[in-house]
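Heads up: the structure comes next, in C-alpha cells.
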Amino acid sequence: MTKTLFTKIIDREIPADIVYEDNEIISFKDINPQAPIHLLIVPKKVIPTLNDLDAEDFELIGKMFKVAQKLAKDNNLSVSGFRTVFNCNEDGGQTVYHIHLHLLGGRQFQWPPG
Ligand code: AMP
C-alpha cells in the first residue's frame, strides 16, 4: 500500500518540524500555516477520514484531543483561545487522507468559517 504523506513524515522520509511524538500520535507544524500557531495532530494508525473510524478508534481520538490540550497550553493558547478542526472529504476541505486534527491559534478566528 502506498504510504500517506503523513506516514512518510512519521517514518522520517519527509522532513517536518515535529513538536510532539509518542507511540500513537505525532504532531508537527503545518507547512502552510493559517495562523501564527498551526499544528497538525496525527495518529500513527492510518485512518483515511472520520467516516472510517471504528469503535476501537474513539479512544485514539480522545488521545488526540489530550495532545491538542497540552500543545495549546505549551503555546500559551489556553486562555486566549484556539480552534481545533477535522476536515472530512471534499466539502470539508480535506486534502490529506490520513486523519489529522488541526490546532490553530494566535489570532481571532471568524464564525462561520469560509
Ligand atoms: P487538510 O486540508 O485538512 O487535509 O489538511 C492537510 C494539511 O496538511 C494542510 O493544512 C497542509 O498545509 C498540510 N501539509 C501538507 N503537506 C505538508 C507537509 N509536508 N508538512 C506539513 N504539513 C503539510
Side-chain angles (χ1 to χ4, degrees):
M1 205 172 103
T2 312
K3 284 188 182 183
T4 71
L5 174 66
F6 292 162
T7 298
K8 290 179 183 171
I9 289 174
I10 292 162
D11 291 344
R12 307 309 200 259
E13 293 170 11
I14 291 177
D17 197 339
I18 295 167
V19 297
Y20 177 88
E21 185 169 22
D22 64 28
N23 60 341
E24 291 182 288
I25 293 167
I26 192 166
S27 179
F28 47 87
K29 294 184 181 176
D30 196 293
I31 204 168
N32 183 22
Q34 301 301 310
I37 305 290
H38 187 173
L39 304 176
L40 300 176
I41 297 160
V42 183
K44 293 184 176 178
K45 178 178 178 181
V46 179
I47 301 166
T49 80
L50 281 193
N51 295 322
D52 302 303
L53 291 171
D54 292 326
E56 66 186 23
D57 297 321
F58 288 101
E59 190 178 342
L60 180 60
I61 298 298
K63 289 178 183 174
M64 291 169 71
F65 276 100
K66 188 174 179 198
V67 172
Q69 182 193 52
K70 171 193 162 33
L71 292 173
K73 189 174 178 200
D74 290 351
N75 285 279
N76 295 313
L77 299 175
S78 306
V79 175
S80 56
F82 56 89
R83 184 167 288 182
T84 50
V85 177
F86 274 108
N87 294 323
C88 183
N89 279 342
E90 192 176 346
D91 278 2
Q94 186 172 6
T95 59
V96 178
Y97 284 80
H98 180 156
I99 60 163
H100 47 282
L101 180 61
H102 295 258
L103 170 63
L104 301 122
R107 70 172 173 86
Q108 174 87 61
F109 298 105
Q110 303 303 311
W111 194 265

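Counting starts at 1 for both ligands and their atoms, following the listed order.
The number of heavy-atom neighbours closer than 6.0 Å to CG of Asp91, taken from other residues, nucleotides and ligands shown, is 12 or below. Remark: Lys73 NZ is loosely packed, at most 12 non-hydrogen atoms of other residues, nucleotides or ligands lying under 6.0 Å away. Other residues, nucleotides and ligands contribute over 12 non-hydrogen atoms within 6.0 Å of the CD atom of Glu21.
Contacts between Leu40 and ligand 1 below 4.0 angstrom, taking non-hydrogen atoms only, involve the side chain exclusively. Contact annotation for Lys29 and ligand 1: only backbone heavy atoms (N, CA, C, O) come within less than 4.0 Å of the ligand. Contacts with ligand 1 closer than 4.0 Å are made by side-chain heavy atoms of Asn87 only, the backbone lying farther away.
Heavy-atom proximity to Asn32, at under 4.0 Å, picks out these atoms of ligand 1: 12 (O). Annotation for ligand 1: atoms under 4.0 Å from non-hydrogen atoms of Phe28 are 21 (C).
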Check: What's the verdict on side chain to side chain contact (heavy atoms under 4.5 Å, CB included) for Leu39 and Asn75, showing C-alpha distance, side-chain angles and the deciding distance?
Finding: CA-CA 10 Å; Leu39 304 176; Asn75 285 279; 3.9 Å; yes
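Side-chain contact between Lys3 and Glu13: present, with at least one pair of heavy atoms (C-beta onward) separated by less than 4.5 Å. Inter-residue side-chain proximity for Lys45 and Glu24 is flagged as unmet; no heavy-atom pair is nearer than 4.5 Å.
The heavy-atom pair separating Pro43 from Ile10 by the smallest distance is O-CD1, 4.1 Å.
Residue contacts with ligand 1 do not include Ala16, since none of its heavy atoms lies under 4.0 Å from the ligand. Heavy-atom separations between Phe6 and ligand 1 include at least one value shorter than 4.0 Å. Look at His102 and you'll find a heavy atom under 4.0 Å from some atom of ligand 1.
Considering only non-hydrogen protein atoms, atom 17 (C) of ligand 1 sits nearest to Ile31 CG2, 3.5 Å. Residue, atom and distance of the protein heavy atom nearest to atom 5 (O) of ligand 1 are His100 NE2, 2.9 Å. Among protein heavy atoms, the minimum distance from atom 12 (O) of ligand 1 is reached at Asp30 OD1, 2.5 Å. Nearest protein heavy-atom neighbour of atom 16 (N) of ligand 1: Leu5 CD2, 3.3 Å. Regarding atom 4 (O) of ligand 1, its nearest protein heavy-atom neighbour is Thr95 N, 2.7 Å.
Note on Phe6 and Ile47: separate hydrophobic clusters, where clusters join Ile, Leu, Val, Met, Phe, Trp and Tyr whose side-chain heavy atoms are under 4.5 Å apart, directly or indirectly.
Considering backbone and side-chain N/O of Val96, one or more are found under 3.5 Å from N/O of ligand 1. Not a single N or O atom of His38, backbone or side chain, sits closer than 3.5 Å to an N or O atom of ligand 1.
Ring centers of His98 and His100: at least 6.0 Å apart, outside the cut-off.
A side-chain contact (heavy atoms from CB on, under 4.5 Å) with Tyr97 is found for exactly one of Val46, Thr4, Asn89, namely Asn89.
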